[in-house]
2 protein chains.
Amino acid sequence: MRMAELSRVTGVPVATIKYYLREGLLPRGELTTSPNQARYGEEHVRRLTLVRSLVEVGGLSIAAVRAVLGAIDDPAVPLHDTLGLTIDAADAPAPAVDDPLHAAAAERLDAIVAERGWRLSPDPLARRAAIDVLATMQRVTGDRLAGLATVYAEAAERIAEADLDTVTAVEDPETRVETALVGTVLGERLLAALRRLAQEHVSAQRFPPPSRETPCPPPPDPSRP
Amino acid sequence: MRMAELSRVTGVPVATIKYYLREGLLPRGELTTSPNQARYGEEHVRRLTLVRSLVEVGGLSIAAVRAVLGAIDDPAVPLHDTLGLTIDAADAPAPAVDDPLHAAAAERLDAIVAERGWRLSPDPLARRAAIDVLATMQRVTGDRLAGLATVYAEAAERIAEADLDTVTAVEDPETRVETALVGTVLGERLLAALRRLAQEHVSAQRFPPPSRETPCPPPPDPSRP
DNA sequence: GCTATCCGATAGTTTTGCTGTCCACTCTTC
DNA sequence: GAAGAGTGGACAGCAAAACTATCGGATAGC
């Protein structure tokens, strides 16, 4: 197919497709006969759909998408690393702050990791991110939110096991890497949205809003004496 | 204190503080004696720290921060709504797409909600977000990731209960709202980071990397005959 | 009175993610 | 083989977001 059809099938404007080509998010089409007549195939449709999903729904930047695509296209990068790479690429490197709050937060995180028996590579980026969050929570709210991390860690482990179950069930290696990527990026969004829904439910359960939970009793009949 | 000191205490550049004042994220200082000599107090330090945390660590946009601050400053908005408002403000309204994938995704989400017995307000924004993610997962990976949502929903409920426990334990109403806000926004980041760490752990457990998990046996001694 | 500082307004800058224009070329259709 | 629509690539332009820099008048504190 030609570019116009690729645009029609995926719903992405031609100008945007050209931009993605420039940025290396999408491989060039095959130049069949001449240097300005390229053909695109099913794999371009797949890749373009993937890119759009990561950008629009997943909220990744163009640079982050380029990084993860480079990794999944490289057969030398094992699945184990690919799965990890994703969020690393999404997060900013965040220059390591060096205040006492961070040290305390690091200690707390490492205690949780040790308690759960997690075996991790030395200093993954996600560890930094978690420490940053813990330190910030401490700075803003004191230790009111301190108890949450252990609950979150347990939930995270359960979720990660489901993630890995799902990914390892995929046979084809190429598809598996893509599934891991989408599951990691979009799964984060899904989890956030479900948490919000669950918060609303639990909140409504504990503080029953009078109008919604129990219908109002009928108003007194003014026609009755 | 004056602006320079506020800047020093919080580590936020003066120009940025002025920008936040303009944008209404920070209340004006008290004009004590003249129209160009303002004084700032502890509440400005608190508010500025909060804004920075939401923007830098939480990843909220300035507009989203303004929206949530407006809500927590309004004593008429109950806690129940404040907690909910947060992510709604963070997410883009996302023009409602109307394809069969979305319809199917909506059905699946509603089934999960019904199964868990969640009682929700009609069509909260988080529901739209979740449906978008489900539809996108379907489009990109088929139904390979379909099983994840129920696991996520259960984890989300557990997490939401911990969230509500934490928030309701706070006595002072003003502090409670702030705690809810920080817990919701930063908690999402914390959860994402912990999920990544857990993924790495589970992945390493299932596919033991030879060099890290079990130390290499000592190399054969070349000095021995 | 003198100097350093301050406040507020306005304009400028950088980054990101597209979008629009141009042009030479090519494919189809007559 | 000519016309006219379509194509690919280069490049410039644009809008939003989040700051950042400068300026002018006023004030504080000695």
Side-chain angles (χ1 to χ4, degrees), chain A residues 1-41 44 48 50-69 89-95, chain B residues 1-41 44 48 50-69 89-95:
Chain A
M1 71 184 71
R2 287 165 301 210
M3 195 182 276
E5 192 179 352
L6 182 61
S7 168
R8 214 166 342 101
V9 169
T10 59
V12 180
V14 170
T16 305
I17 295 178
K18 288 183 177 183
Y19 170 62
Y20 290 163
L21 287 172
R22 270 203 306 284
E23 294 296 315
L25 303 189
L26 194 63
R28 299 268 169 198
E30 197 191 353
L31 295 173
T32 49
T33 62
S34 61
N36 71 339
Q37 291 292 295
R39 292 286 157 147
Y40 304 92
H44 290 93
L48 190 50
L50 176 62
V51 168
R52 273 265 125 169
S53 302
L54 295 178
V55 169
E56 286 199 329
V57 184
L60 294 197
S61 69
I62 299 296
V65 172
R66 184 170 38 226
V68 293
L69 290 183
D91 286 356
Chain B
M1 73 184 69
R2 286 166 302 214
M3 195 182 278
E5 192 179 352
L6 181 62
S7 168
R8 214 167 340 102
V9 170
T10 58
V12 180
V14 171
T16 304
I17 296 177
K18 288 183 178 182
Y19 170 62
Y20 289 163
L21 286 171
R22 272 201 307 284
E23 294 295 316
L25 304 189
L26 194 63
R28 298 266 170 200
E30 197 189 354
L31 295 173
T32 48
T33 62
S34 62
N36 70 342
Q37 292 291 299
R39 293 286 158 147
Y40 302 92
H44 291 92
L48 190 49
L50 176 62
V51 168
R52 274 266 125 170
S53 303
L54 294 178
V55 169
E56 287 199 327
V57 184
L60 293 198
S61 69
I62 299 296
V65 172
R66 183 169 41 225
V68 294
L69 290 183
D91 286 357

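Note that this is a predicted model, so its numbers are computed, not measured. Note on naming: letters A, B, ... go to the chains in the order of the sequence lines (proteins, then strands), and numbering restarts at 1 for each one.
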Can you list the residues that meet the salt bridge (Lys or Arg N to Asp or Glu O under 4.0 Å) rule with Glu56(B), with sequence neighbours excluded?
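So Glu56(B) forms a salt bridge (Lys or Arg N to Asp or Glu O under 4.0 Å) with Arg52(B).
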Mind checking what makes salt bridge (Lys or Arg N to Asp or Glu O under 4.0 Å) contact with Glu30(A), not counting sequence neighbours?
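So Glu30(A) forms no salt bridge (Lys or Arg N to Asp or Glu O under 4.0 Å) with any residue.
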Enumerate the residues from residues 18-27 of chain B whose closest heavy atom to DNA chain C is under 4.0 Å, giving them by residue number; use none for an empty result.
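Of all residues in residues 18-27 of chain B, the ones placing a heavy atom under 4.0 Å from DNA chain C are Lys18(B), Arg22(B).
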Take Val51(B) and Glu23(B) through the test side-chain contact (heavy atoms from CB on, under 4.5 Å) and record every step on the way to the result.
CA-CA 12 Å; Val51(B) 168; Glu23(B) 294 295 316; over 6 Å; no
Give me the first and last nucleotide of DNA chain C, going 5' to 3', that has any atom under 4.0 Å from a heavy atom of chain A.
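Both ends considered, the range comes out as dG17(C) to dC27(C).
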Enter the distance from [X]:[atom1] to [Y]:[atom2] here, rounded to the nearest 0.5 Å.
X        : Y        : atom1 : atom2 : value
Arg22(A) : Thr16(A) : CZ    : OG1   : 9.5 Å
Ile17(B) : Leu25(B) : CD1   : CG    : 12.0 Å
Leu21(B) : Met3(B)  : CG    : CE    : 5.0 Å

Here's a test of your reading of the structure: between Thr16(A) and Gln37(A), which maps to the more 5' nucleotide of DNA chain C?
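Its nearest nucleotide being more 5', the pick is Thr16(A).
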Hey, which of these two, Arg2(A) or Met1(B), hits DNA chain C nearer its 5' end, going by closest nucleotide?
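Nearest nucleotide further toward 5': that of Met1(B).
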First of Ile62(B) and Ala4(A) reached from the 5' end of DNA chain D, by closest nucleotide
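Residue closer to the 5' terminus by nearest nucleotide: Ala4(A).
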Could you pull out the closest heavy-atom pair between Leu54(B) and Val68(B), with the gap in Å?
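Nearest heavy atoms, Leu54(B) then Val68(B): CD1-CG2, 4.3 Å.
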Which atom of Arg28(A) lies closest to which atom of Tyr40(A), heavy atoms considered
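Taking every non-hydrogen atom into account, C-CE2, 4.4 Å.
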DNA chain D: 5'-most and 3'-most nucleotides touching chain B, 4.0 angstrom heavy-atom criterion:
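Nucleotide range in contact with chain B: dA18(D) to dA28(D).
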Need one value for [X]: base, sugar-phosphate or nothing, where a base atom within 4.0 Å counts as base even if backbone is also close, heavy atoms only.
X        : answer
Arg52(B) : sugar-phosphate
Arg28(A) : sugar-phosphate
Ala15(A) : base

Donor-acceptor pairs are to be reported for all side-chain atoms of residues 6-13 of chain B against protein atoms at under 3.5 Å, with residues two or more places apart or in another chain.
residue	atom	partner	partner atom	Å
Ser7(B)	OG	Val12(B)	O	2.7
Thr10(B)	OG1	Leu6(B)	O	2.8
Thr10(B)	OG1	Val12(B)	N	3.4

More than 12 heavy atoms from other groups under 6.0 Å of CZ on Arg39(B)
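Enclosed.
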